[in-house]
Amino acid sequence: MTPPVPYPVLPRLSRSANHGVLWFAAAAALAATRTPRARRAATRGLASLGVASLTVNALGKRTLRHARPAPVPVPLIGRLKRRPTTTSFPSGQAAAAAAFATGVALESPAWGTVVAPAAASVALSRGHSGARLPSDVLTGAALGVGAAFAVRGLVPTRGQVAPPARPRAEVPALPDGEGLVLVANTAAGSAERARALRDALPGAEVVECEPEDVPAELEKAAARARVLGVCGGDGTVNAAARVALRSRLPLAVLPGGTLNHFAYDLGIEDVRDLARALREGDAVRVDVGRYSCGGKHGVFLNTCSVGVYPELVRERERWSHRIGGWPAGVLAALRVLRADRHPLEAEFQGRTRPLWLLFAGNGTYHRMGLASGRRKDLADGQLDVRVVHGGRRPAVRLLAAALAGPLTRSPAHAAVQVGRLRLDHVAPGTLLAYDGEVIEVEGLVTLEKLPEALTVYRPIRSG
């Protein structure tokens, strides 16, 4: 039978996959595209490869010691230069190829179709060179696919936790973007994405500005827009949401920051997602959280908290411009937890008690596998309140609360879902963090929901 790939290619491809070199190179190429979906696909592919390699090499080959098949007649140009000496069953190369390709496809079907031919050719090369029996290759490939699905069970893909397409909102469809005015915070590194949106929707107006000019530019944009757009991190999106609420305008969010919790939970990851929603006029209504304390009030789309976390946010901001966001977050956590601080004293649910942390999410956060919490519904009418009680060893208590996830009650922490919350007798100078911003509060702090208050564009999947 004539192989689908020329003889010289198969052995070279097989050698390039030794020790995962080919798949690490493919993952690097995916990450270089600088799109969130491609980066997650690369990470998932490598994680699947790691699980498959561990399963095959540490368990399969040591347990099932099958000898390799006798050499078969293969043209000289198609032979491997060095015949493998390890046991034959199952094929580690086939397992690694199938695991990487399946992992990529589970996160991004489009990128999966790009990787699949290379993976199939690597698996084919092992049998075609005479180094493996067909059963060795097929079993290895099956193990690789199983490893990718096992990884998905531990860390679900974003497609598994897509928010429901409700409640639907009536909004204008903008086929070429005319009527959209999008304000991009250039400090968030979002200028490139904003320009990509302008290329996709040539009728849209894009305003690039520095962080200090964002509030004023949003107000100006709202005065002439049919749809208010924003590109930046969660803090910038929060500012746009306030303007959209006051102006009664639908909001179009293009993620452009580091975390982008709101956009990702909404189901928008890149220009393609937002452009499709705008062209088709797809939008939903979502809840908004609101805090008030004396004369201070504002909204939050993601979370609002008092206690240790706001201190961590402020400490992180001090260091992020020097050493970068993620290292600054680790350093801030270490400094805050090592500091000799006392728990916050406040009245919560009718009782005055010490609290290390009170966290309120705009919508219920769900834990799936080992992944961090995600919101399945942005219009559930609930504040997801997590409390870490005061006591000795705050680091241990906070870690226990994080690992327990939505556990409802324990000596260290509690979790409740409510529509409104009062926190009284808060000491002066207490920090409150909302969507990455920090303010000082005291006395009575009230948190509540504004159900389905904000209209936001998002792609709605058919069926």
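Residues: numbered from 1 along the sequence shown. Since this is a predicted model, take the numbers as computed values, not measurements.
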Can you name the nearest heavy-atom pair linking [X] to [Y], along with the distance?
X	Y	result
Ala184	Ala194	CB-CB, 3.7 Å
Leu201	Gly177	CB-CA, 3.8 Å
Pro255	Cys231	O-SG, 4.4 Å
Ala31	Ala42	N-CB, 4.5 Å
Ala99	Ala52	CB-CB, 3.6 Å
Leu245	Ala453	CD2-O, 3.4 Å

Please determine if [X] and [Y] form a salt bridge, counting it only when a charged side-chain N lies under 4.0 Å from a carboxylate O.
X	Y	answer
Arg458	Asp282	no
Arg386	Asp384	yes
Glu208	Arg195	yes

Give, for atom [atom1] of [X] and atom [atom2] of [Y], the distance between the pair rounded to the nearest 0.5 Å.
X	Y	atom1	atom2	result
Leu301	Tyr434	CG	OH	11.0 Å
Asp265	Asn302	CG	CG	7.0 Å
Ile268	Leu254	CD1	CG	8.0 Å
Lys449	Leu383	NZ	CG	5.5 Å
Thr455	Leu228	OG1	CG	12.5 Å
Leu218	Leu249	CG	CG	11.0 Å

Does a side-chain heavy-atom distance below 4.5 Å link [X] with [Y]?
X	Y	result
Val284	Tyr457	no
Gln93	Val56	no
Val253	Leu251	yes
Arg44	Arg152	yes
Val122	Phe100	no
Phe24	Val21	no
Arg193	Leu182	no
Pro172	Val227	yes

Between the side chain of [X] and the main-chain N/O of [Y], is any donor-acceptor distance below 3.5 Å?
X	Y	result
Arg198	Ala204	no
Thr33	Leu30	yes
Asn260	Gly256	yes
Asp234	His261	yes
Ser108	Ala105	no
Thr186	Cys209	yes
Asp270	Asp273	yes

(message) Using the rule given for side-chain contact (heavy atoms from CB on, under 4.5 Å), can you reason through Val456 versus Phe262, listing the C-alpha separation, both sets of side-chain angles and the distance that settles it, and then say yes or no?
(response) CA-CA 11 Å; Val456 190; Phe262 180 69; 4.2 Å; yes

(request) Would you check, one step at a time, whether the test ring-ring contact (aromatic ring centres under 6.0 Å, His included) holds for Tyr291 with Phe300? (result) CA-CA 8 Å; Tyr291 70 85; Phe300 57 96; 7.1 Å; no

(message) Quick check on Glu280: does its CD atom have over 12 non-hydrogen neighbours (other residues, nucleotides or ligands) under 6.0 Å away?
(response)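 Yes, CD of Glu280 has more than 12 neighbouring heavy atoms, counting only those of other groups under 6.0 Å.
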
(message) Are there over 12 heavy-atom neighbours, none belonging to Glu210, within less than 6.0 Å of that residue's CD?
(response)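 Atom CD in Glu210 is packed in, count exceeds 12.
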
(request) Could you walk me through whether Thr43 and Glu107 pass side-chain contact (heavy atoms from CB on, under 4.5 Å), step by step? (result) CA-CA 10 Å; Thr43 302; Glu107 192 68 61; over 6 Å; no

(request) Determine the sole option in Leu378, Asp287, Val288, Val286 for which the side chain to side chain contact (heavy atoms under 4.5 Å, CB included) test with Glu452 is passed. (result)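 Among the candidates, only Asp287 passes.
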
(message) Which residue is it: Arg276, Arg40, Arg39? I am looking for the one with a salt bridge (charged side-chain N to carboxylate O under 4.0 Å, His left out) to Glu269.
(response)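 Passing option: Arg40.
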
(message) For a side-chain contact (heavy atoms from CB on, under 4.5 Å) check, start with the C-alpha distance between Leu358 and Val385, then their side-chain angles and the critical distance, and finish with the verdict.
(response) CA-CA 7 Å; Leu358 185 144; Val385 181; 4.3 Å; yes

